[in-house]
Q: 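First the structure, which I've put down as structure tokens, then a few questions once you've had a look.
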Amino acid sequence: TDKADKNRGPCATVHSSRVAVVVCETDGMWAAHLSRELDDSLTIRETRTPRECLDMVTTLAGGVVVCELADNRIDDTMALLLELNLGFPTFRFAVVAARKFARLEPVVRELGAMHMITSPRRVRAIAELIPRHLARLRLPSQSITDRVWASLPWSAAVSTRSESQRVVDF
């Protein structure tokens with residue numbers, strides 16, 4: 001951890017390798033539109049199924065999921081939205097869909113979606129929300145073990161020792 005991270009306390013802004021924008025869709029169209037609107041420094045990871053999306057989310061510390069409502073998997077997508085809302089507080093999600101699904105917006109909002117669009121022309125609205133969420137996202141920059149060791153009075157003396165060399169005598 002560098003000096004700047006230590007000055008910000010136990011929570012530091014999440015590093016870009018630990019966060020991502022995950023787009024779960026069937027064909028890549030929404031991700032292509034979104035990538036045109038986002039800053040190049042943001043990582044977009046594409047998945048094709050809700051299960052694959054959930055697996056991806058579990059490997060990240062936080063981010064934004066953009067999930068497509070599609071005819072053949074509405075139930076799976078709704079289950080994914082519920083799981084994201086209940087189990088992943090460092091993630092926010094938005095929904096993209098064909099116009100025929102516009103009537104489902106109250107349902108996806110109730111499940112916790114920050115936004116829903118039904119046209120690729122409106123993807124900028126989601127693109128503007130993503131950096132706002134990521135700017136507010138703060139996670140521990142160190143493991144709890146590292147934070148405890150760093151808070152001890154002799155932490156400077158042991159800071160050069162690796163995790164495997166740390167031994168505590170009782």
Q: Among all residues two or more places apart in sequence or in another chain, which pass the side-chain contact (heavy atoms from CB on, under 4.5 Å) test with Asp27?
A: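 Checked Asp27 against side-chain contact (heavy atoms from CB on, under 4.5 Å); matches are Glu25, Met29.
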Q: Please list, chain by chain and in numerical order, all residues satisfying side chain to side chain donor-acceptor pair (under 3.5 Å) with His33, sequence neighbours excluded.
A: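 Partners of His33 by the side chain to side chain donor-acceptor pair (under 3.5 Å) criterion, ordered by chain and then number, come out as Arg36.
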Q: Run the side chain to side chain contact (heavy atoms under 4.5 Å, CB included) test on Leu137 and Val19 for me, step by step, so that the C-alpha distance in whole Å, both residues' side-chain angles and the decisive distance to 0.1 Å come before the verdict.
A: CA-CA 9 Å; Leu137 184 61; Val19 300; 3.8 Å; yes
Q: Residues two or more places apart in sequence or in another chain: which of them pass side chain to side chain donor-acceptor pair (under 3.5 Å) with Thr49?
A: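 Thr49 satisfies side chain to side chain donor-acceptor pair (under 3.5 Å) with no other residue.
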Q: If every non-hydrogen atom of Leu129 is compared with every non-hydrogen atom of Met114, which pair is closest and at what distance?
A: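 Minimum heavy-atom separation between Leu129 and Met114: CB-CE, 4.0 Å.
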Q: What pairs with Arg124 under salt bridge (Lys or Arg N to Asp or Glu O under 4.0 Å), at least two apart in sequence or on another chain?
A: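 Checked Arg124 against salt bridge (Lys or Arg N to Asp or Glu O under 4.0 Å); matches are Glu37.
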Q: With the side chain counted from C-beta on, respond yes when Arg92 and Ile130 share a heavy-atom pair under 4.5 Å apart, and no when they do not.
A: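 No, every pair of side-chain atoms sits at 4.5 Å or beyond.
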Q: Quick one: pull up CG in Leu84 and SG in Cys67 and give me the separation to the nearest 0.5 Å.
A: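 If I round to the nearest 0.5 Å, the distance is 7.5 Å.
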Q: Going by side-chain contact (heavy atoms from CB on, under 4.5 Å), name the residues that satisfy it together with Asp71, two or more places apart in sequence or in a different chain.
A: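 Once residues adjacent in sequence are excluded, the partners of Asp71 under the side-chain contact (heavy atoms from CB on, under 4.5 Å) criterion are Lys100, Phe101.
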Q: Output every pair passing side chain to side chain donor-acceptor pair (under 3.5 Å) with a member in residues 51-67, not counting sequence neighbours, ordered by first then second residue.
A: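 Sorted result for residues 51-67: Arg51-Asp55.
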Q: Which pairs, with at least one residue in residues 74-86 and sequence neighbours excluded, count as a salt bridge (charged side-chain N to carboxylate O under 4.0 Å, His left out)?
A: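 Found none.
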Q: CG/Leu82 to OG1/Thr77 distance, rounded to the nearest 0.5 angstrom?
A: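 Rounded to the nearest 0.5 Å, the CG-OG1 separation comes to 12.5 Å.
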Q: Return the set of residues passing side chain to side chain donor-acceptor pair (under 3.5 Å) with Asp39 (not counting sequence neighbours), or none when no residue passes.
A: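 Applying side chain to side chain donor-acceptor pair (under 3.5 Å) to Asp39 gives Ser41.
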Q: Minimum heavy-atom separation for Met56 and Val22, please, with both atom names.
A: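 Of all heavy-atom pairs spanning Met56 and Val22, the closest is CG-CG2, 3.9 Å.
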Q: Are side-chain heavy atoms of Phe91 and Leu60 found at a separation under 4.5 Å?
A: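 Sidechains of Leu60 and Phe91: in contact.
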Q: Can you tell which of Val96, Val65, Leu34, Val64 makes a side-chain contact (heavy atoms from CB on, under 4.5 Å) with Val23?
A: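 Exactly one pass, corresponding to Leu34.
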Q: Please identify each residue that fulfils side-chain contact (heavy atoms from CB on, under 4.5 Å) with Ser35, with sequence neighbours left out.
A: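 Expected list: Ile44.
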Q: Measuring from atom CG of Leu80 to atom CG of Leu54, what distance do you get when rounded to the nearest 0.5 angstrom?
A: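 If I round to the nearest 0.5 Å, the distance is 6.0 Å.
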Q: Which heavy atom of Phe88 sits nearest to which heavy atom of Val57, and what is that distance?
A: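 Residues Phe88 and Val57, closest heavy atoms: CD2-CG1, 3.5 Å.
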Q: Glu105: what forms a side chain to side chain donor-acceptor pair (under 3.5 Å) with it, not counting sequence neighbours?
A: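 Applying side chain to side chain donor-acceptor pair (under 3.5 Å) to Glu105 gives Arg109.
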Q: When you measure from the side chain of His133 to the backbone of Thr90, do you find a donor-acceptor pair of N or O atoms at a distance under 3.5 Å?
A: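 Checked: pair present.
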